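Worksheet for the structure shown next.
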Amino acid sequence: VQLQASGGGLVQAGGSLRLSCAGSGPTFNAYAVAWFRQASGKERECVAAINWNSDITYYGDSVKGRFTISRDSGKNTVYLQMNRLKPEDTAVYYCAVAGVPLLTTAQAMADINEYDYWGQGTQVTVSS
């Protein structure tokens with residue numbers, strides 16, 4: 001599986017960005033996909049995740065109500081719509097694909113150890 005993340009940039013607080021994760025390979029549309037982020041000096045954390053058919057999603061507490069994850073299987077792409085951005089959202093954002101099929105709980109989809117394939121990361125900077 002190869003992943004290409006894009007859409008990052010510099011935005012003012014309160015603004016919006018949409019990240020895209022374009023994937024290739026037979027498992028991209030069949031496995032869960034997640035967005036993680038890593039701020040300087042902090043551990044990588046799961047921001048949002050979506051299972052293979054979009055009926056299970058996970059959101060981190062800090063982004064609930066502001067971020068929305070979605071996937072378009074026809075385009076082999078997963079999106080992260082980020083609204084009402086805050087300076088604390090500043091980080092490198094990575095998309096990742098699970099290494100096993102059928103992650104059936106939101107908790108499992110948020111576990112970084114379930115993800116084997118990673119994109120290169122895209123920088124999001126939110127100015128105050």
Side-chain angles (χ1 to χ4, degrees):
V1 177
Q2 292 186 323
L3 304 174
Q4 180 70 42
S6 62
L10 173 64
V11 64
Q12 288 188 331
S16 298
L17 284 173
R18 188 177 79 158
L19 304 183
S20 298
C21 177
S24 62
T27 62
F28 183 80
N29 286 333
Y31 289 15
V33 177
W35 285 97
F36 288 78
R37 69 185 180 188
Q38 188 165 21
S40 180
K42 295 188 177 181
E43 292 186 354
R44 195 169 296 191
E45 63 171 346
C46 186
V47 173
I50 189 166
N51 76 327
W52 71 277
N53 67 351
S54 304
D55 67 350
I56 303 174
T57 56
Y58 165 87
Y59 294 96
D61 288 342
S62 63
V63 306
K64 284 180 181 176
R66 299 188 298 123
F67 290 11
T68 303
I69 190 170
S70 62
R71 68 190 305 166
D72 184 335
S73 296
K75 296 182 178 179
N76 284 13
T77 302
V78 170
Y79 303 99
L80 184 67
Q81 178 66 44
M82 306 187 295
N83 297 328
R84 304 200 308 276
L85 283 160
K86 304 176 181 180
E88 50 263 44
D89 294 318
T90 295
V92 178
Y93 284 70
Y94 301 88
C95 62
V97 174
V100 295
L102 298 180
L103 294 180
T104 57
T105 67
Q107 182 179 7
M109 292 197 299
D111 184 349
I112 193 170
N113 296 306
E114 296 288 358
Y115 293 87
D116 285 355
Y117 307 99
W118 292 82
Q120 84 285 6
T122 184
Q123 176 71 47
V124 172
T125 303
V126 185
S127 63
S128 58

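Note that the coordinates shown come from a computational prediction; the quantities given were computed from them, not determined experimentally. Values reported hereafter were calculated over all heavy atoms of this structure, with side chains retained and with hydrogens, waters and symmetry mates removed. We number each residue from 1, following the sequence as shown.
Separating the CZ atom in Arg71 from the CH2 atom in Trp52 is a distance of 9.5 Å, to the nearest 0.5 Å. Considering CD1 of Ile56 and CE of Met109, their distance stands at 5.5 Å, rounded to 0.5 Å. Rounding to the nearest 0.5 Å places OG1 of Thr122 at 7.0 Å from CH2 of Trp35. We find the CD-CD1 distance between Gln81 and Ile69 to be 12.0 Å, quoted to the nearest 0.5 Å. Note that the CG atom of Leu85 and the CZ atom of Phe67 stand 5.0 Å from one another [nearest 0.5 Å].
Put simply, the side chain of Thr125 never gets that close to the backbone of Thr90: no donor and acceptor are under 3.5 Å apart. Gln4 contributes no side-chain N or O that, together with a main-chain N or O of Gly119, makes up a donor-acceptor pair within less than 3.5 Å. Side-chain N or O atoms of Gln38 include one that pairs as donor or acceptor with a backbone N or O of Lys42 at under 3.5 Å.
Taking all atoms of both residues into account, the shortest heavy-atom contact from Thr68 to Tyr59 is CA-OH, 3.4 Å. The minimum heavy-atom distance linking Leu80 with Ala48 is given by the pair CD1-CB, 3.9 Å. Residue Thr77 comes nearest to Ser20 through the heavy atom pair CG2-CB, 4.2 Å, listed as atom of the first residue, atom of the second, then distance. For the pair Ala91 and Ala39, the tightest heavy-atom approach, listed with the atom from each and the gap, is CB-N, 3.8 Å. Nearest heavy-atom pair, Arg84 versus Arg66, reported as atom, atom and distance to 0.1 Å: O-NH1, 2.9 Å.
Applying the side-chain contact (heavy atoms from CB on, under 4.5 Å) rule to Asp61 yields the partners Lys64; only residues at least two apart in sequence or on another chain are considered.
Residues Tyr93 and Tyr58 fall into different hydrophobic clusters, defined by Ile, Leu, Val, Met, Phe, Trp and Tyr side chains chained together at heavy-atom separations under 4.5 Å. Residues Val97 and Trp118 do not share a hydrophobic cluster, clusters being chains of Ile/Leu/Val/Met/Phe/Trp/Tyr side chains in contact below 4.5 Å. Tracing side-chain contacts under 4.5 Å through hydrophobic residues (I, L, V, M, F, W, Y), one reaches Ile112 starting from Val92; they form part of the same cluster.
Figure legend: Arg18 and Tyr79 shown as a cation-pi pair, the cationic atom lying under 6.0 angstrom from the six-membered ring centre and within 45 degrees of its axis.
Residues Tyr31 and Leu103 fail the side-chain proximity criterion, which asks for heavy atoms closer than 4.5 Å. At a threshold of 4.5 Å between non-hydrogen side-chain atoms, the residues Asp89 and Arg37 count as touching. Side-chain contact check for Val33 versus Leu3: every heavy-atom pair is 4.5 Å or farther apart.
By the 6.0 Å contact criterion, CD on Gln123 is enclosed, its count of non-hydrogen atoms from other residues, nucleotides or ligands being greater than 12.
Checked against the 6.0 Å centroid criterion, the rings of Phe36 and Tyr115 qualify as a close aromatic pair.
Annotation: disulfide bond (SG atoms under 2.5 Å apart) contacts involving residues 10-66, sequence neighbours excluded, comprise Cys21-Cys95.
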